[in-house]
Amino acid sequence: MTHNSTLPHIVILTGAGVSAESGIPTFRGPGGLWEGRDITELATPQAFRAQPHVVQRFYNERRQILLTKQPNAAHAAIARLQKEYSGRITLISQNIDDLHERGGSPEVWHIHGELLKSRCTHCGAVHECRDDLDTASACPACHSTGKLRPHVVWFGETPLFLEELDARTRDATLFAAIGTSGLVYPAANFVHIARSRDARCIEFNLESSDGVFDEFIPGPATQTVTAWVDSLLGHTH
Ligand code: APR
């Protein structure tokens, strides 16, 4: 697909806040997933080695909840922008849900992996996964059992696609962070890369991360992102 290079190259980074209005809990803040839970017991390779059934159950529950949820107007607006904007656009998501895809996004860079995929710790194969994973689960490729894990990036592991996304963010002229607390690196570094290249940086959130962005657009993403996309595409939908 050829892009109109005279238009801004937009890089969008989404976090849990873009899925909040779909009923997917965020991590931090009231009712967040990490509230009352110990991350080191649920989302680290060490936890998976020590108590795989506890970790599998945590992700099995989240997977089954995700399958009952629907994308919201913010996902739909971002997808519309990806399809109708004639400049270059990159969508990076910290989220492991598939709501961007189900909202119509043609391309999503999931730097923290995907909840609806499994990865075999024996052969490395990645497959679609909508069922519970447990010690009896067999890898569709090598058929070994008890070797499947969620294809997600745990704390202490390296996020995916960083080299490609660093390069794309360096090339951005407009950077939008939507629904992220900006507390987890290296995802939280993308705005600093964009700023270093004089990109305009906009934050869509309920509360502002003071001082990092050029512009803060307060409010729920279903409203603010829809209005932003309408303004970029020059029409209401
Ligand atoms: N509209 C816009 N923003 C919202 C909304 C909404 N409706 N609801 C919540 N938010 C904002 C919150 O104000 C908060 O800043 O979304 C952000 C969610 O922050 P976190 O819960 O920290 O989620 P996130 O930033 O995605 O976390 C990053 O941390 O635990 C890891 O791997 C996990 O990918 C996750 C990473």
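Computed from a predicted model, the values in this text were never measured in an experiment. As a basis for the values below, the full set of heavy atoms in this structure was taken, side chains included, without hydrogen atoms, waters or symmetry mates. Remember, it's 1-based here, ligands and their atoms both numbered in the order they're listed. One is the number of the first residue; the rest follow in order along the sequence.
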In ligand 1, the atoms that come under 4.0 Å of a heavy atom of W34 are 30 (O)

Here the atoms of ligand 1 under 4.0 Å from any heavy atom belonging to G15 are 26 (O)

Ligand 1 to E21, heavy atom cutoff 4.0 Å, flagged ligand atoms 1 (N), 6 (C), 7 (N)

heavy-atom search around atom 35 (C) of ligand 1 in the protein gives F27 CE1, 3.5 Å

shortest atom 26 (O) of ligand 1-to-protein heavy-atom contact is with A16 N, 2.8 Å

Under a side-chain separation threshold of 4.5 Å, the hydrophobic residues clustered together with I92 are V11, L13, W109, I111, V153, L160, F161, L162, L165, F175, F190, V191, I193, V212, F213

More than 12 non-hydrogen atoms from neighbouring residues, nucleotides or ligands closer than 6.0 Å to NE2 on H127, yes or no? yes

Looking only at non-hydrogen atoms, the one of L206, N205, T180 nearest atom 13 (O) of ligand 1 is N205

Applied to residues 6-23, the side-chain hydrogen bond (donor to acceptor under 3.5 Å, both in side chains) test, sequence neighbours excluded, yields N4-T6, H9-T90, H9-D171, T14-S93, T14-H100, S19-H75, S19-D97, E21-T222, S22-N72

Do you reckon L116 sits in the same ILVMFWY cluster as V108, going by side-chain contacts under 4.5 Å, direct or chained? no

Atoms of ligand 1 under 4.0 Å from any heavy atom of A20, numbered from 1 in the order shown, are 8 (N)

Fill in: Donor-acceptor side-chain pairing of N60 and R57 below 3.5 angstrom
no

Does the salt bridge (Lys or Arg N to Asp or Glu O under 4.0 Å) test come out yes or no for K117 and D98, once each step is laid out?
CA-CA 10 Å; K117 287 185 179 171; D98 66 333; over 6 Å; no

Side chains of D166 and T169: is there a donor and an acceptor less than 3.5 Å apart? no

Near P220 (heavy-atom distance under 4.0 Å), the atoms of ligand 1 are 1 (N), 7 (N)

If we number the atoms of ligand 1 from 1 as shown, the ones under 4.0 Å from a heavy atom of G179 are 3 (N), 16 (O), 17 (C), 18 (C)

Among Q94, R28, H112, closest by heavy atom to atom 29 (O) of ligand 1 is R28

Here the atoms of ligand 1 under 4.0 Å from any heavy atom belonging to F155 are 30 (O), 31 (C)

> Within a reach of under 6.0 Å around CZ of R28, are more than 12 heavy atoms found that belong to other residues, nucleotides or ligands?
Replying inline: yes

Atom 36 (C) of ligand 1 sits nearest the protein heavy atom V184 CG2, 3.8 Å

Restricting to heavy atoms, the pick from G29, G17, S209 nearest atom 10 (N) of ligand 1 would be G17

In one Ile/Leu/Val/Met/Phe/Trp/Tyr side-chain cluster, 4.5 Å: F204, L81: yes

Atom 1 (N) of ligand 1 sits nearest the protein heavy atom A221 N, 2.9 Å

